[in-house]
Amino acid sequence: MMTTLSPATADLDQLADTYNEQGYVLVKGLLTKEEAAEFRARSHDLIARLDRGEDDPTWASAAEAAMGQATSLQDLHDAQFYDAAFTRLLTDPRFTDVAAAVLGTPNVQLHHTKMFVKPPANGSPFPPHQDHPFFPHTHHRVAAAIFHFDDAPEEKGCVRIAPGSHKAGPREHDPEGSYHLPDFPTEELQPMEAEAGDVLFFTYTTVHSSGVNVSDEARTTWLVQFRDPADPPLTDQHTHSLGQGLILAGSDPTGRAGR
Ligand SMILES: O=C(O)CCC(=O)C(=O)O
């Protein structure tokens, strides 16, 4: 099923330049439409079997602010432990070549994965935030890739990014509160409308959010958080994810195996 054509080196350099300048890069058509459709079906199957809806990860404050009422979000951590197609995707060179280029190292290490299905009509928004306070690292060489398995126009609650916001580095978040940035100017957040097969890469210091899915179709994504293995975590937050430390490309020069 998988075709593994990677972008040319020149393209990778350009993607890395955009990422370094803007704090994100949207890679169009990293997966074919057929592959995206297959991953969408597999994602919905896993969610139907494994997400018991007991711990809806919706940020209540964002839902209240956007809709004045509760919204809902289905999620599944560690999909690669339930379906080998996701394991293969983690080491697919079309992904790892871009991941290595944006990190600026041939070595790419898994941090964690999260599948989100934003249901139709009231799929949950995310408030402006950085990922940094959830798992701070020494050199900030940590990034996310959001795989889109179906189209994500604005009405489906696509991700929004504040271009260049990474340049100010980690921002003050309320550690007692919900880790979001309530005073961040929303006009700086630009919708990253995506099509099935597109992958959005961004650094963990880039401010991002997402809207409510008000459309009549679910939005299906898989977020892969990855890092340079030579960038040690500063705390023991978020170290529970299955497979954390797995080397997806290159090797681990530290011998720490992610610990
Ligand atoms: O998928 C989304 O809509 C946003 C996800 C996000 O911001 C996060 O998990 O940090």
Are the aromatic ring centres of F116 and F149 under 6.0 angstrom apart? no
Between H139 and A230, which heavy-atom pair has the shortest distance, and what is it? CD2-O, 3.9 Å
Hydrophobic cluster membership, L31 vs F226, 4.5 Å side-chain cutoff: yes
Any heavy-atom pair between the side chains of I247 and Q109 that's under 4.5 Å? yes
For H140, the side chain to side chain contact (heavy atoms under 4.5 Å, CB included) test, sequence neighbours excluded, returns H132, P170, Y204
Assess whether ring-ring contact (aromatic ring centres under 6.0 Å, His included) is satisfied between F81 and F86, documenting all intermediate values. CA-CA 8 Å; F81 275 75; F86 290 93; over 10 Å; no
Mind telling me whether H111 and F135 have parallel, tilted or perpendicular rings, with 30° and 60° as the class edges? tilted
Report the relative orientation of the aromatic rings in Y179 and H173; use parallel for angles under 30°, tilted for 30 to 60°, perpendicular for over 60°. tilted
Let me check something: do F147 and V117 share a hydrophobic cluster, defined by ILVMFWY side-chain heavy atoms less than 4.5 Å apart, either directly or through other members? yes
List the steps, then state whether salt bridge (Lys or Arg N to Asp or Glu O under 4.0 Å) holds for R88 with D92. CA-CA 6 Å; R88 284 191 290 275; D92 187 315; over 6 Å; no
W222 ring center near F39 ring center (under 6.0 Å): no
Is there a path from F202 to L110 through hydrophobic residues (I, L, V, M, F, W, Y) whose side chains come within less than 4.5 Å of each other? no
Less than 6.0 angstrom separating the ring centers of H180 and F126, yes or no? no
